[in-house]
Q: 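I'd like to ask you about the structure that follows.
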Amino acid sequence: MSRDSDRFLAVGAVSQSDRLEIELVQRPDTPAAILIKWPPRPTVTDPAKLTATIAAIVRVLGMAQIELAARRASGKFKRRRQTHEVVLRRS
């Protein structure tokens, strides 16, 4: 599995034309972060399909949560402690 594919926690359709992407970004010099990439334009849905659209969004978010939990359990993802360096300068 490539590092590129490791960054995606979940990707899924939320409508016929839109999809949601959840990425895990882990850089050595910064704390880990989750990116939730929504479609660039508003998702348009019929009022009768609103429940299905919301369910699709929740399904993708849920898959991302499950994948992150699985990575934590397998040791593929470990939280790094955030250290704060304070630099004092005299004026």
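As the structure is a computational prediction, the values presented were derived from the model and not from experiment.
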Q: Which pairs with one or both residues in residues 16-26 pass salt bridge (charged side-chain N to carboxylate O under 4.0 Å, His left out), sequence neighbours excluded?
A: R7-E23, R19-E21, E23-K37
Q: Look at the side-chain heavy atoms of Ile, Leu, Val, Met, Phe, Trp and Tyr, link any pair under 4.5 Å apart, and say whether L20 and I54 land in one connected group.
A: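 Different hydrophobic clusters.
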Q: If the condition is side-chain contact (heavy atoms from CB on, under 4.5 Å), which residues does A10 pass it with, not counting sequence neighbours?
A: I22, V60, M63, A64
Q: What's the spacing between L9 CG and L35 CG if we round to 0.5 Å?
A: 9.5 Å
Q: Provide the full list of salt bridge (charged side-chain N to carboxylate O under 4.0 Å, His left out) pairs with a residue in residues 54-67, sequence neighbours left out, each pair given once.
A: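 Listed by first then second residue: E67-R71.
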Q: Could you measure the distance from the OG1 atom of T53 to the CD atom of Q16? Nearest 0.5 Å is fine.
A: 9.5 Å
Q: Group every Ile, Leu, Val, Met, Phe, Trp and Tyr by side-chain heavy-atom contacts under 4.5 Å, then state whether F8 and I66 land in the same group.
A: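 No, separate clusters.
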Q: Could I get the full list of salt bridge (charged side-chain N to carboxylate O under 4.0 Å, His left out) partners for K49, not counting sequence neighbours?
A: none
Q: Can you check whether W38 reaches I57 side chain to side chain, under 4.5 Å on heavy atoms?
A: yes
Q: With the side chain counted from C-beta on, respond yes when S15 and T45 share a heavy-atom pair under 4.5 Å apart, and no when they do not.
A: no
